[in-house]
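Below is one structure, written out as structure tokens, with a few remarks after it.
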Amino acid sequence: MPELPDVETFRRFVDETSLHRKLVDVRVFNRRVLNGLSPQRLKRALQGQSFRSTARHGKHLFVEVDGSRWLALHFGMTGYLDFGRQRRTGPHDRVVFVFAEEYSLAFVCARLFGRITLADSVEGFVADKRLGPDAMAVSGEEFASRIRRSKATIKSILMDQSQLSGIGNLYSDEILFQSRIHPTFPGHRLTTERAACLYRNTRKVLRMAIGRKADPWAMPQSCLLPHREREGRCPSCRAALTRQTVAGRTAYWCPRCQRK
DNA sequence: ACGTGCTCCTGTGTGC
DNA sequence: TGCACACAGGAGCACG
């Protein structure tokens, strides 16, 4: 579930809670999330240091450690961060960063799809993973040219992290709804005008979601997201929403407002 | 170059 | 009540 707005919310959370605190311990409860990196190496890289700054690219959160090393966090589907003083360990805590004075930041991830790795730089990591430009940082020209050079369905392009970084299933549905574009419409058949409209709505939706701390239910009633469920109706025309698999995901759209 | 389906996982909700 | 099972969906992969 964590898409760009969620990860941006996590990033701000780290900024508010966890910077400039001395790291006294790193507790690894499940090695799987470290992706082959040994708990010892992680601990050695962090112990005695502190988190200096944060960055984000798409769904990836980066935390700078003294000595210009970066933690790269990916939240999979169910990952999130929790911070507290004398915080009790929960059943899904996978890695806990322990600071001085008994404060700690936990990487909580029920389904173990999340990952924490070390990187030398954000740029290096992004290049390594072949991530496309961040969906909030990309220019309108770059956005349109990427969309219009692909013959894939527009929903799959929006969700393709090598094309655009940060958009997942939920927000792609919302962006397409706002743009009145059918999810299976081929990217290369979008006119420049419609591509520009899609770009504006991408920014609008992501900005709105960040402002609401990525709570889909907190989005305005005129949005698709609060109605995105079985039996849901289009907030604009009241038509029953279509629910169908597109690009391997459950997509919701309005069959009247979003025609092919 | 595209879509499809499988896998990794486990909490949650539904139906019998 | 308890069990079986579908479902959720990020990402990487094999396959056609």
Side-chain angles (χ1 to χ4, degrees), chain A residues 1-11 28-37 56-62 72-82 89-95 106-117 119 125-135 145-176 182-190 206 209 214-217 224-232 241-253 260:
Chain A
M1 238 211 277
E3 303 182 32
L4 187 152
D6 307 77
V7 180
E8 177 60 21
T9 304
F10 298 155
R11 191 191 69 75
V28 178
F29 296 99
N30 192 309
R31 305 179 60 125
R32 185 183 291 272
V33 301
L34 295 186
N35 225 14
L37 169 70
R56 184 191 54 71
H57 187 100
K59 303 176 188 175
H60 298 265
L61 171 64
F62 301 91
L73 298 89
H74 187 81
F75 296 90
M77 280 176 38
T78 53
Y80 65 96
L81 297 172
D82 188 31
T89 303
H92 302 123
D93 288 10
R94 305 307 183 186
V95 177
F107 181 80
V108 189
C109 183
R111 286 180 53 190
L112 294 170
F113 287 169
R115 292 291 178 265
I116 296 179
T117 49
F125 182 93
V126 167
D128 217 54
K129 295 273 177 189
R130 295 180 162 65
L131 296 174
D134 181 84
S145 94
R146 282 175 176 267
I147 300 279
R148 281 163 38 86
R149 85 165 74 115
S150 168
K151 291 187 175 172
T153 65
I154 185 63
K155 182 172 170 69
S156 72
I157 304 171
L158 287 176
M159 292 195 302
D160 182 348
Q161 302 303 296
S162 70
Q163 290 290 349
L164 283 172
S165 212
I167 300 170
N169 196 30
L170 258 54
Y171 291 104
S172 64
D173 275 358
E174 184 65 58
I175 291 163
L176 291 170
H182 195 281
T184 64
F185 196 83
H188 75 289
R189 288 188 51 207
L190 274 188
L206 296 178
D215 177 1
W217 300 103
L224 177 75
L225 286 179
H227 310 279
R228 194 184 178 281
E229 54 190 349
R230 278 190 167 96
E231 317 293 312
L241 295 177
T242 302
R243 176 186 183 273
Q244 206 175 291
T245 301
V246 176
R249 307 274 167 240
T250 306
Y252 285 82
W253 71 88
K260 279 213 86 168

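Lettering of chains follows the sequences in order, A, B, ..., and the numbering in each one begins at 1.
Summarising the local packing, CD of A:Glu229 is surrounded by more than 12 heavy atoms from other residues, nucleotides or ligands at distances under 6.0 Å. Within a 6.0 Å sphere centred on CZ of A:Arg149, other residues, nucleotides and ligands contribute more than 12 heavy atoms.
Judged by distance alone, with hydrogens and angles left aside, A:Arg249 brings a side-chain donor or acceptor within reach of the base of C:dA11, the pair sitting under 3.5 Å.
Taking side-chain N and O atoms only, A:His74 has a distance below 4.0 Å to OP1 or OP2 of C:dA11. Phosphate contact (OP1/OP2 of C:dG10, side-chain N/O of A:Gln161, threshold under 4.0 Å): absent. Residue A:Ser150 places at least one side-chain N or O under 4.0 Å from the OP1 or OP2 atom of B:dC2. A:His92 has no side-chain polar atom (N or O) that falls below the 4.0 Å cut-off from OP1 or OP2 of B:dT10. Phosphate contact (OP1/OP2 of C:dA11, side-chain N/O of A:Lys129, threshold under 4.0 Å): absent. Within the 4.0 Å cut-off from OP1 or OP2 of B:dT10, not a single side-chain nitrogen or oxygen of A:Arg94 is found.
Following rounding to the nearest Å, A:Leu170 (CG) and C:dG10 (P) show an atom-to-atom distance of 7 Å. Rounded to an integer number of Å, the gap from A:Lys155 NZ to B:dC2 P is 18 Å. A straight line from CG of A:Leu112 to C1' of C:dA11 spans 15 Å, rounded to a whole angstrom. Put simply, CG on A:Asn35 is 12 Å from C1' on B:dC8, counting in whole angstrom units. Note: CG (A:Leu4) to P (C:dA11) measures 11 Å, nearest angstrom. Here the P atom of nucleotide C:dA11 and the CZ atom of A:Phe75 are 12 Å apart, to the nearest Å. Taking atom CZ of residue A:Arg115 and atom C1' of nucleotide B:dT7, one finds them 12 Å apart after rounding to whole Å. Distance OH (A:Tyr80) to C1' (B:dT10): 14 Å, rounded to an integer number of Å.
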N/O to N/O distances under 3.5 Å, protein versus nucleotides 14-16 of chain C:
none

Name the pairs: protein N/O against N/O of nucleotides 3-5 of chain B, kept only if under 3.5 Å.
residue : atom : partner  : partner atom : Å
B:dG3   : OP1  : A:Thr153 : N            : 2.8

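Evaluation of A:Phe113 against the base of C:dA11 yields no stacking contact (centre distance < 5.5 Å, interplanar angle < 30° required).
Relative orientation of the A:His74 and A:His60 rings is tilted, given thresholds of 30° and 60° on the angle between their planes.
Side chain of A:Gln163 to backbone of A:Leu158: no donor-acceptor contact under 3.5 angstrom is found. Put simply, the side chain of A:Ser156 never gets that close to the backbone of A:Ala152: no donor and acceptor are under 3.5 Å apart. Formation of a donor-acceptor pair under 3.5 Å by the A:Glu3 side chain with backbone atoms of A:Tyr171 is found in this model.
For A:Phe10 and A:Tyr80, the gap between ring centers reaches or exceeds 6.0 Å.
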Step-by-step side chain to side chain contact (heavy atoms under 4.5 Å, CB included) determination, A:Leu225 to A:Leu170:
CA-CA 7 Å; A:Leu225 286 179; A:Leu170 258 54; 4.0 Å; yes
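No side-chain N or O of A:Thr245 forms a donor-acceptor pair with one of A:Arg249 less than 3.5 Å apart.
Using a 4.0 Å cut-off between charged side-chain N and carboxylate O, A:Lys59 and A:Asp6 make no salt bridge.
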